[in-house]
Amino acid sequence: MPPRNIDLHPQNHHPRELSSYHFDVIIIGTGPVGLTSGYRLASAGLSVACITDELYGGDCPFFACVPSKALLRPAEALNAAKAVGGAREAIESHDIDVDAVFKRRDTILQNWDDTFLLDISANGGVTPVRGYARLAGVKQVSVQPHGESEKFFLFAKFAVIIATGSTHAVPDIPGLDQLKEGEEYWTNREATTGNTVPEHLIILGGGAVGTEMATFYSRVGSKVTLITKSAEILPRVELEAARMVRKSLEESGTSIRVALEVKHIEKQGPNNMNVNLSNGETISGSVILNAIGRKPRTYDIGLETIGLQGNGSPLAVNSSMVVNMPEFVEGNSPSEPWLYCVGDTNGLAPTTHMGIYQCRIATNSILQSIQQHHPTISITTPRGFNNTEAKSWAPGTYPQTIFTDPSIATVGHTLASAKAAGLSVFAIDNNFAFPGAGLYGDLPGWARWVIEERTEKILGATICSLEASDLLGSVSVAVTHGLSLKDMVHVVPPFPTRGEFWREMLNTAGY
Ligand SMILES: Cc1cc2nc3c(=O)[nH]c(=O)nc-3n(C[C@H](O)[C@H](O)[C@H](O)COP(=O)(O)OP(=O)(O)OC[C@H]3O[C@@H](n4cnc5c(N)ncnc54)[C@H](O)[C@@H]3O)c2cc1C
Ligand SMILES: NC(=O)c1ccc[n+]([C@@H]2O[C@H](COP(=O)([O-])OP(=O)(O)OC[C@H]3O[C@@H](n4cnc5c(N)ncnc54)[C@H](O)[C@@H]3O)[C@@H](O)[C@H]2O)c1
């Protein structure tokens, strides 16, 4: 299955065209996190260069969040309508129009033409630069245009931000190295950009990518087999929620194999792969999707020029997103930090929304440092830059939604992770049997709050339902600010809505 013909390296914004190689801040990587950082700093009056080696906008808009959600949303909308009598009768005999789904996704992504993002950035005053960037010492960055050997050197007056994101990790499975990546085995790129429905898709990995793509491809007619190492799919969410998604996937024909490893992969012929499992079973499919996780792009970005390691492990930062530097680096002034790292590259919370949160913190920190050390420089922000330290989330506890059917929205601890952290907690659960949920038809729904015994503070929440993401905001405020059950009594959801689960939880808790 050949990859789509996407031009990853358009010819404009060559570094040769720059009128100056000196900027206040240089940003390496223009995913959503680098772009937003650039926009915030340029809006405050700084000169900013944003360097990208591929499409301006990064993985999220072109190969990850946006195309995957664009593929998933039509089926979600159709299922939601079919669950409601009155609407159901009008559409019962109709199903997803796959070609229209692909076409809509292509339109949303502007056919992988990054001009719209370049325009937003340029209108905000950012200077886009195309080429592969590497640190070349303190506050120095080299840029090598695609396919060329010449390097151009850029100089930052105040700061460099590393926002190089992540790329798919490749498992060490014998035989996989014999297959052509992008054709004989897919990564997230082919799974989200393709416009074909494979006959039998074998997915390796039962995390967010694996389950979301199983949801889409099984819904549009592929036979799907999902193989994962963990004892259940989505091992980081509440078991009850993972089981609801598993049940729904199995009902749509997905075969799920848990607690198994792939021992060997063998190509039998075109679109014909054999996958041998640790239990001795062999599964034959047409395409394999590698969805076993991602690795930060910390390799080959010149970290060694400032005494750091860059081998694909996350880049350690402090709460202001300042990179932890070696004790002595020539030209480095510890009192005035200059190197920041945000987004997937620091590994703290690899999602777009959390990266954008980090960029708010990092850019505030840069602006505050400039104001402190260079008071004559004029900085314009409508409301200042007070928040310069990020909240520290225990691994996996930051807010997130997995867009399966039903979707799972989570924030804070699960019951298991709270207990593993030594916390004394109890759970309150609800099955969405209340009037507001009933209006949406007979769709599954489940929610859990994890409450600390002594303080009755909410430490975590999971909502598993149609459009769960839209119910996460209020509970995220409660968890982030440590509200107690007593406080939450005064947070009143409107009637009749799915938000009523809130009231039901309080009732169950005895409030
Ligand atoms: C299939 C899939 C679906 C996802 N869905 C969601 C979702 O629904 N919601 C969500 O919040 N998250 C989702 N994620 C995660 C999300 O995509 C990432 O967290 C997000 O893209 C990280 O943004 P970033 O800016 O840190 O990096 P990226 O988006 O990876 O962008 C980094 C950019 O830096 C460039 N770059 C790298 N190295 C260099 C260099 N040396 N020189 C110049 N440029 C360089 C890259 O080309 C890229 O453009 C999904 C991920 C996948 C794989
Ligand atoms: N909606 C969202 O927010 C969203 C959607 C997709 C991806 N993402 C983010 O993108 C990143 C990557 O997601 P992902 O699903 O690729 O990774 P992941 O780490 O979330 O899940 C990978 C899964 O693969 C399994 N696995 C590992 N090695 C394996 C092997 N050799 N064979 C079979 N299974 C194996 C693991 O047990 C794990 O369950 C994550 O940070 C995720 O949060 C977010």
Side-chain angles (χ1 to χ4, degrees), residues 8 27-37 50-69 71-72 114 129-135 141-144 146 162-173 176 187-189 191-192 203-213 226-236 257-262 275 277-278 289-302 341-347 349-356 358-359 396 398-404 407-410 469:
L8 292 174
I27 300 177
I28 305 180
T30 67
V33 185
L35 275 191
T36 314
S37 303
C50 273
I51 311 168
T52 187
D53 68 331
E54 287 189 345
L55 290 180
Y56 203 74
D59 265 37
C60 171
F62 293 115
F63 306 105
C65 328
V66 181
S68 59
K69 268 79 255 182
L71 293 175
L72 285 158
D114 59 5
V129 182
R130 289 205 202 264
Y132 191 91
R134 296 175 182 88
L135 283 170
V141 176
S142 71
V143 188
Q144 187 174 5
H146 180 70
I162 297 177
T164 48
S166 63
T167 188
H168 61 281
V170 180
D172 187 15
I173 298 173
L176 188 67
T187 68
N188 61 293
R189 293 199 164 198
T192 58
I203 300 179
L204 308 185
V209 174
T211 54
E212 287 184 353
M213 290 298 98
L226 185 152
I227 302 157
T228 195
K229 263 185 181 174
S230 46
E232 186 49 273
I233 58 166
L234 297 169
R236 287 193 283 265
R257 311 297 169 92
V258 295
L260 287 173
E261 292 200 38
V262 177
V275 174
L277 302 183
S278 47
L289 165 59
N290 165 23
I292 61 111
R294 298 184 65 83
K295 62 175 180 194
R297 284 180 59 165
T298 51
Y299 47 89
D300 192 22
I301 55 166
C341 176
V342 287
D344 278 17
T345 328
N346 64 33
T351 49
T352 293
H353 47 279
M354 291 306 289
I356 289 175
Q358 293 169 6
C359 106
Y398 50 86
Q400 185 172 15
T401 300
I402 298 158
F403 293 85
T404 41
S407 52
I408 306 177
T410 60
S469 52

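Throughout, residue positions are numbered sequentially from 1 according to the sequence presented. In each ligand, atom 1 is the first atom listed, and ligand 1 is the first ligand listed.
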Enquirer: Does any N or O of ligand 2 fall below 3.5 Å from an N or O anywhere on Thr351, backbone included?
Expert: no
Enquirer: Is the contact between Ser68 and ligand 2 made by the side chain, the backbone, both, or neither, using heavy atoms and a 4.0 Å cut-off?
Expert: neither
Enquirer: Does the N or O separation between Val342 and ligand 1 drop below 3.5 Å for any pair?
Expert: no
Enquirer: When only distance counts, is His353 in polar contact with ligand 1, meaning an N/O pair under 3.5 Å?
Expert: yes
Enquirer: Only heavy atoms of Ile227, strictly under 4.0 Å: list the atoms of ligand 2 that pass.
Expert: 33 (C), 34 (N)
Enquirer: Relative to the heavy atoms of Phe403, which atoms of ligand 2 are at a distance of less than 4.0 Å?
Expert: 1 (N)
Enquirer: With the threshold set at under 4.0 angstrom, would you say Gly131 reaches ligand 1 through any of its heavy atoms?
Expert: yes
Enquirer: To the nearest 0.1 Å, how far is atom 34 (O) of ligand 1 from its closest protein heavy atom, and which atom is that?
Expert: Gly29 CA, 3.2 Å
Enquirer: Pairs of nitrogen or oxygen atoms closer than 3.5 Å, one from Arg297 and one from ligand 1: do any exist?
Expert: yes
Enquirer: Can an N or O of Thr401 be found at a distance shorter than 3.5 Å from an N or O of ligand 2?
Expert: yes
Enquirer: Would you check whether Thr352 has a nitrogen or oxygen atom less than 3.5 angstrom from a nitrogen or oxygen atom of ligand 1?
Expert: yes
Enquirer: Any nitrogen or oxygen of Val262, main chain or side chain, under 3.5 Å from a nitrogen or oxygen of ligand 2?
Expert: no
Enquirer: Going by the order shown, which atoms of ligand 2 are within less than 4.0 Å of some heavy atom of Arg236?
Expert: 18 (P), 19 (O), 20 (O)
Enquirer: Counting from 1, what ligand 2 atoms have a heavy atom of Gly207 closer than 4.0 Å?
Expert: 15 (O), 20 (O), 21 (O), 23 (C), 39 (O)
Enquirer: With heavy atoms only and a cut-off of under 4.0 Å, state how Glu261 meets ligand 2: side chain, backbone, both or neither.
Expert: neither
Enquirer: With respect to Asp53, determine whether any N or O atom, backbone or side chain, lies less than 3.5 Å from an N or O atom of ligand 1.
Expert: yes
Enquirer: Look at ligand 1 and say whether Leu55 reaches it with a heavy atom at a distance under 4.0 Å.
Expert: yes
Enquirer: Please determine if Val209 has a nitrogen or oxygen closer than 3.5 Å to a nitrogen or oxygen of ligand 2.
Expert: yes
Enquirer: Can you tell me if Ser68 has a non-hydrogen atom under 4.0 Å from ligand 1?
Expert: yes
Enquirer: Is there at least one pair of N or O atoms, one from Gln400 and one from ligand 2, spaced under 3.5 Å apart?
Expert: yes
Enquirer: Under 4.0 angstrom from ligand 1, any heavy atom of Arg294?
Expert: yes
